[in-house]
Structure formats: structure tokens, C-alpha cells
Amino acid sequence: MKNNYNFKKIRHSLKRSLKASSICFLFLSGVYSLVNAQAKAYSFAQSTGTFTALSGGTVLGTATANSGAASLYQVTPYDVTLPFNFNYNGTVYSSIKVSSNGYITFGTTAPGTANSTPVSSAETYSGTISAFGKSLNTIANLGGVTGDIRTDVLGTAPNREVVIQWTNFRPAYSTSSTSAYTFSFQIRLKETSNTIDMVYNSGAFAIGSTNVSGSAQIGLRGASNLDYNNRLNASTLAFTSSTPGTDNTSTQYTSTTAGAASGMPPAGFTYTWTPPACFAPTFTTNSSTTNSITANWAAPMPTPSNYDVYYSTSNTAPISTTTPTHTNISGTSITINSLAPATMYYVWVRSNCGAGNFSEWTPAYSYILTPCQPPVILTTNGATVCPSGSATLSATTEAGAYVNWYDAATGGNLVGTGNTYTTAPLASTTNYWAAASNVGTVKNVGPTTPASLGTSSNTNTAWDLLFTVNTPLLLKTVDVFSGTANQSGTIEILNGAGVLMSITPFVTTGAGNATPQIVTLNTYLPAGTYSMRRSGSAGLFRNSVGATFPYSTPELVITGTTFTSYPAYYFYFYNLSFTTGCGESSRQQVTATVDAAGCLNTSETAAKETVKAHPNPFSEIININKPELVKTAKLIDVSGKLIKTITNPESTLRLHDLSEGLYILVLEMKDGTQQNIKVIKK
């Protein structure tokens, strides 16, 4: 079965080995995780001994015909209960699933019946051991030979072996009843040591003499196809002279032709895979705030003494000599603080099993995007007016942001924009709310329709549109055009490291190449390089002429496609719309006070004095210069959460128990007004 995505490759690769459905994406909160263990850490050896065929045991399936499921072709995987617990990749299992395609898997998720690429597949089983992974079948009474799949338990505890044997299987699926070459092979799981043997028997023609050749995936895979340990030989290299695989799609080539360089494995040829003494943990869930990330993992078996953590803004993996950023983590979680907002962080973990014995770093990172941080309101000032007077309220915010004024704490109406807002004539005291925003106007980039570029066609070929984000932005919508209605598809956005940032499903309308179908994305993207692609059955219009790259705005530039042979092609995604900025802060109340009694005086009320706070930034205390004017002092964090309330404050506010960061000091005056001051705890 051919798979669609492979995160190991950057977007320019045409290999797709990770299905979008196999990962839960919490892209609105910027949290991502790849589940993985450490198949990479198994050591490898090969030898030649004796192939001891099973003659008894439990027969899982026997061929009754020479084609289709009756020849054990793509049958439902068999469930096998193990007589002892087997530790694979740091997790203990009591059962396996046996595929007719030459491999076994671990975990509750069964492999698909058509899965013939178990190492590179993105299916969500917890791991695989593949002795000869490809589309296989066997024969029924050809030349007196019939094939089966069987298991048996050999030896005595604590040194038993579970043996799974594919007996008299063809090296490639065939329906021929006039020529059939067959061979047998086994996977052996050893108690206590948890080592794995793959043992092969030489083959022969049961009938006929038509030679066959091809390749199979042979090796180990963890819970992710990023975690693999496999073998490779080309047709010009002997099967017995394989080298380590260079990709999860690496294969070993075989041929039944006499004298062929690759040949078939000889009788008793054995691969042995030995587990490490110290396994890496497995990532589970993660989370983030604007300035922190939290990574969680599950402990492997055996449980290590503690863990080391390494994190970076680069996805370059650490090696054994890399200095961890955090050491001696006793639990299975870490929170890393003082980080930048709107930034992708990559995290690796390794086990420390004591006495200088470390596991490998997790073969795949967890990647966590800290959310963008909206601007904050720094100060607010209310106003006091006579009945029927208009009040001028004011607020300040950070550079590059602006103030929105509302008539309600949530919802309500936008009544003004700017650092000041002058109300309508007021009959009574009225509250308004100020919020800081840095959202820009909506912009568009890219051609508007396929028809605008010229020749176009409805297709579903796998080519990506490439673009660069220069300023953090929210990608709001994209227009697609379809010639057939009611086809399901998805739009996927990946960053330059191949990390899937978002996946948006859609169904085609069949409106043609001139009428847009607007798909809402609402995906926040930090500055960086990206690709956008379609998947699924949906056919969309693309152009074969007329494209002239780049399509540019200062914030977002469409740079080209992965189909570089013909740069005039344009693929699928038109009229991208976006806004810059992170959004809007929580709203701060500002009061317009109507003072009828004060207006009876013959002279105007003196302007209210402003209370000042110092030092700012502060370490332990803040001093306010006129505490006699203040009724209540409140500390609010940037998310709008009330942290502390001080009634009738003195001139010194003791705030040693606060965490470092930005806060709003809200001073509620005895005269009913309110003053907000931005303060920073260092």
C-alpha cells in the first residue's frame, strides 16, 4: 500500500509516508506531538545457522487456492497471545498481530490488510517487526506443496521462544498455477533477553521455472515511521551483504534467477536484533502558553533513574555528545519557562539509567508552538462630567498596536478606535471597555482564478504550492476551484521542516474554474517557509501555463511549487487572504462618571491627581506616591486573570510572591475613578 506523508523529508520530496489521519493536531493552540520509541537503538548482527522448520504448533491459516484471500493474500491479521511478556521498544506486550505480508505488529491497532510497507507505513500500530514485508501469498497443492502461516512455542521458561513461520510463501504475489517459487522464513521472539531473530530458508521451484525478483521491507519500526532500523541492498548487491537503511522506505532486493547478484537468502541465514539496555521514553501530550511549553512522556520499561531534556528552536536533532538543556528530571514532565511567544520549539528526551548508561535521544521530536501574545492595555483614565456632558476617556497600549473601545465587557458594540474616545452626552455614570489590538487589515495574494492565468485542468496530482511568511500572520482563507462536486479532500500546511501546521477538510462544489470555493483556514503562522498541499479524492483546478512567480506582499510571498521542471505551473490555491497581528487583549473597564452634585459648585472641579508607581520594573515591592487616594489595588496578568487584591493599600505594596512577567496594576480610587499602570516583575 502506498502511503502519503513522510515528515522526515522536506516538502520537496514526493514521498508521502504519514497519513494526516494518524496524528491529532491541536493547531489552534499550537501543540503537536509525534509518538515514538527507540527501534533505532537496537543493535544488529547477522549469521548463518540452521533453519529449523516448525512441523507442529498452531496453524493460523492454510492456503486453499492459488489466488486471492484463499492463497493467504491480504487476509485479516491474526491475533496471537504470547505465552510470556515481550518487551519491544521499552513497552511490554502480551500479544501480537501477524500479517500475511511477512511481518508482525504490536499494540491494539491492527495493520491494514493491504499494508505491504510495514516500516514506512504511517498506520498507528505501536511497532512492527518485518522479516519480508511486501505483498505476498502462498500456494495450494502445486507440485505437492501447500503453504501456511503457523506459530509455536519452543523451549522452557525463562528461555522460551515464540516462533512465527510463513511456510512456502512466494517472494511476490502471483496467481500463476504453472510456475511457483516458494521459500519459508520465521520471526523468533526470545523470552527474558527480548532479542529478535529473523531466520530464512532457501527456496525452490515447486512447479515451473519462471523467475521472479523484487524488493521487501526488512527491519524494525517503532510507534512512528520516523523510528526505524532496517536493511538495504540494491539489485547489484547480495542479499547477505545488506547495509543499514537510509530511509524508512529502504528495501532489500531479491531474485530467484541463478547467478543474480542479489539472490535469495540461503538456508539458516539469520538477522538478530538486540534491544538496548536503556530505552528512550515515549512522548504523550504537550501544551504551551505564550512564554512556556510543557512536554510529557511515558516511562519506558525498565524505568530509568531520571531523564535529560534538550530543546531548541531548530529541528536539528541532538547527538550523544550534545549537552542537555535540562538534566536529572525525576518525573515524566517538564515545563520550560521564559520563552518567546509565536515560536516553534522542538523537544527531545533521553533516559538516564544510571552509571553513565543513557538511552538514545527520542528519534522524533515533540514540537510545540507558543501562542502569539496579543498586545496589552498599559494605562487607562476615566473622566468625570456634568449631566448631559460628553466624557473623553483615554488608554495607552504598546507600540504598533491600537485601542478599541466597546460598550460591554464581552460582546457588545465597537464604539471607537484610538487612544481616546469621546462619549455621547451622558445622563448617568457609564462604563466602557478598552482593548489593545494589533490585527491588520485583510490582504490578499496570488492569482484570483485559474481562468485568469490561462490553460487549466481539474486534477489531483500531488504538487505543493510554496510560500514564505515574513511577518507572523493569520492565514484566513484560500480559494479553490473544482470541476466535480461532492469530493472529499483536505488542505494541509507544512513548515519548512515538514511539520504539519494545520489540516482543513473540505468538500468540492463542482463550480468550475471561474467560480471560487472559499475554504476557511484560520491558521496562525510564525515567520518562516511553508508549503500548502491537497490530499484526498478531491480534484482541483491547476494551471499548466501562465504562472509568474513570485506573487508578493511584504508579509507573504508565494515563491513557487514543488513541480520545478515547469515553473509556469500554478497549483490549486488561489487568492490567499491573511491578516497580521496576534489579536486583541482582554478588555479593561474605563468609567465615565456623571457628577451632578459637583456641577452645582460655582467653580469647576480640580483635575484629579495621577498616582504614580515606582520602581518599574520591580523586584519585591512597588511604591505608590498617594495611597490616601486609593481604595483598592488589584494585580491582573496579561490574560486578564485577577492575581491579587489589596484593600486600602499603604504606600508600599509587597509583591515578592509574584512570578516574573508583565502585570496590570489597577488602582480603584476613592472618588470612583480608576487608573491602570503596566508593571513588570523582574
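- A centroid separation of less than 6.0 Å is found between the aromatic rings of Y181 and F205.
- For the residue pair N230 and S250, no side-chain donor N or O sits within less than 3.5 Å of a side-chain acceptor on the partner.
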Exercise for the section: Applying side chain to side chain contact (heavy atoms under 4.5 Å, CB included), run through Q46 and T272 and close with a yes or a no. Expected result: CA-CA 6 Å; Q46 69 180 49; T272 299; over 6 Å; no
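- Between the side chain of T362 and the backbone N or O of V349 there is at least one donor-acceptor pair closer than 3.5 Å.
- Partners of S193 according to the side-chain hydrogen bond (donor to acceptor under 3.5 Å, both in side chains) rule, which considers only residues two or more places apart in sequence or in another chain, are T195.
- The aromatic rings of F239 and F269 lie perpendicular to each other, with more than 60° between the two planes, well past the 30° mark.
- For the residue pair S179 and S176, no side-chain donor N or O sits within less than 3.5 Å of a side-chain acceptor on the partner.
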Practice task
Evaluate the criterion side chain to side chain contact (heavy atoms under 4.5 Å, CB included) for residue pair I149 and V59; output intermediate values, then yes/no.
Solution key: CA-CA 6 Å; I149 302 174; V59 176; over 6 Å; no
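- By the 30° and 60° cut-offs, the orientation of the rings of W166 relative to F185 is parallel.
- There is no side-chain donor-acceptor pair under 3.5 Å between T91 and N89.
- The line from CD1 of I368 to OG1 of T343 is 12.5 Å long, rounded to the nearest 0.5 Å.
- Ring geometry for Y365 versus Y367: interplanar angle over 60°, hence perpendicular rather than tilted (30 to 60°).
- For the pair P111/P118, no side-chain contact is recorded, criterion being any heavy-atom separation below 4.5 Å from C-beta on.
- Between F183 and F132, the two ring planes are perpendicular [angle over 60°; tilted spans 30° to 60°].
- Using modelled atom types, one finds a donor on one side chain and an acceptor on the other under 3.5 Å when comparing T294 with T335.
- Judged by distance alone, the side chains of N159 and E191 never bring a donor and an acceptor atom under 3.5 Å apart.
- Side-chain polar atoms of S120 and N248 form no donor-acceptor pair below 3.5 angstrom.
- For the residue pair Y125/N115, the side-chain donor-acceptor check at 3.5 Å is satisfied.
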Problem - Full working for side chain to side chain contact (heavy atoms under 4.5 Å, CB included) between N337 and S292 - result: CA-CA 4 Å; N337 295 304; S292 72; 3.4 Å; yes
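- Between the W273 side chain and the G219 main chain, no donor and acceptor come within less than 3.5 Å of each other.
- Here the straight-line distance linking atom CG of L142 with atom CD1 of I207 works out to 5.5 Å at 0.5 Å rounding.
- When every heavy atom of A63 is checked against every heavy atom of A140, the shortest pair comes out as O-CB, 3.7 Å.
- Looking at T52 and T50, their side chains never bring a donor and an acceptor atom within 3.5 Å of each other.
- In this structure, a donor-acceptor pair under 3.5 Å is present between the side chains of S213 and Y253.
- Ionic pairing of K40 and D227 is not present here: no N-O contact between side-chain nitrogen and carboxylate oxygen is shorter than 4.0 angstrom.
- Both the sub-6.0 Å distance and the 45° axial angle are not jointly satisfied by R221 relative to the ring of Y228.
- Between the side chain of R534 and the main chain of G536, a donor-acceptor pair closer than 3.5 Å is present.
- In this structure, Y200 and Y271 have perpendicular ring planes: the angle between them is above 60°, well past the 30° mark.
- Inspection of the S535 and E492 side chains reveals an N or O donor paired with an N or O acceptor under 3.5 Å.
- With salt bridges taken as basic N to acidic carboxylate O contacts below 4.0 Å, one links K190 and D197.
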Problem - Intermediate values then yes/no, side chain to side chain contact (heavy atoms under 4.5 Å, CB included), N85 and N87 - result: CA-CA 7 Å; N85 287 335; N87 186 340; over 6 Å; no
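- Atom CZ of residue R188 and atom CD of residue Q165 lie 8.5 Å apart, to the nearest 0.5 angstrom.
- Side chain to side chain, D148 and T167 meet the donor-acceptor criterion of an N or O pair below 3.5 Å.
- For Y88 and F279, the ring centers sit 6.0 Å or farther from each other.
- Ring geometry for Y311 against H326 counts as tilted: the plane angle lies between 30° and 60°, on a 0 to 90° scale.
- Once rounded to the nearest 0.5 Å, the distance linking CD1 of I196 with CD1 of I104 reads 7.5 Å.
- Between the side chains of T523 and S502, at least one donor N or O lies within less than 3.5 Å of an accepting N or O.
- Here the straight-line distance linking atom CG of L494 with atom CZ of R533 works out to 4.5 Å at 0.5 Å rounding.
- Using cut-offs of 30° and 60° for the angle between ring planes, the W297 and F283 rings count as perpendicular.
- Paired with Y307 under the rule side-chain contact (heavy atoms from CB on, under 4.5 Å), one option of N352, T327, T332 passes, and it is T332.
- Note: L189 CG to I96 CD1 = 5.5 Å, rounded to the nearest 0.5 Å.
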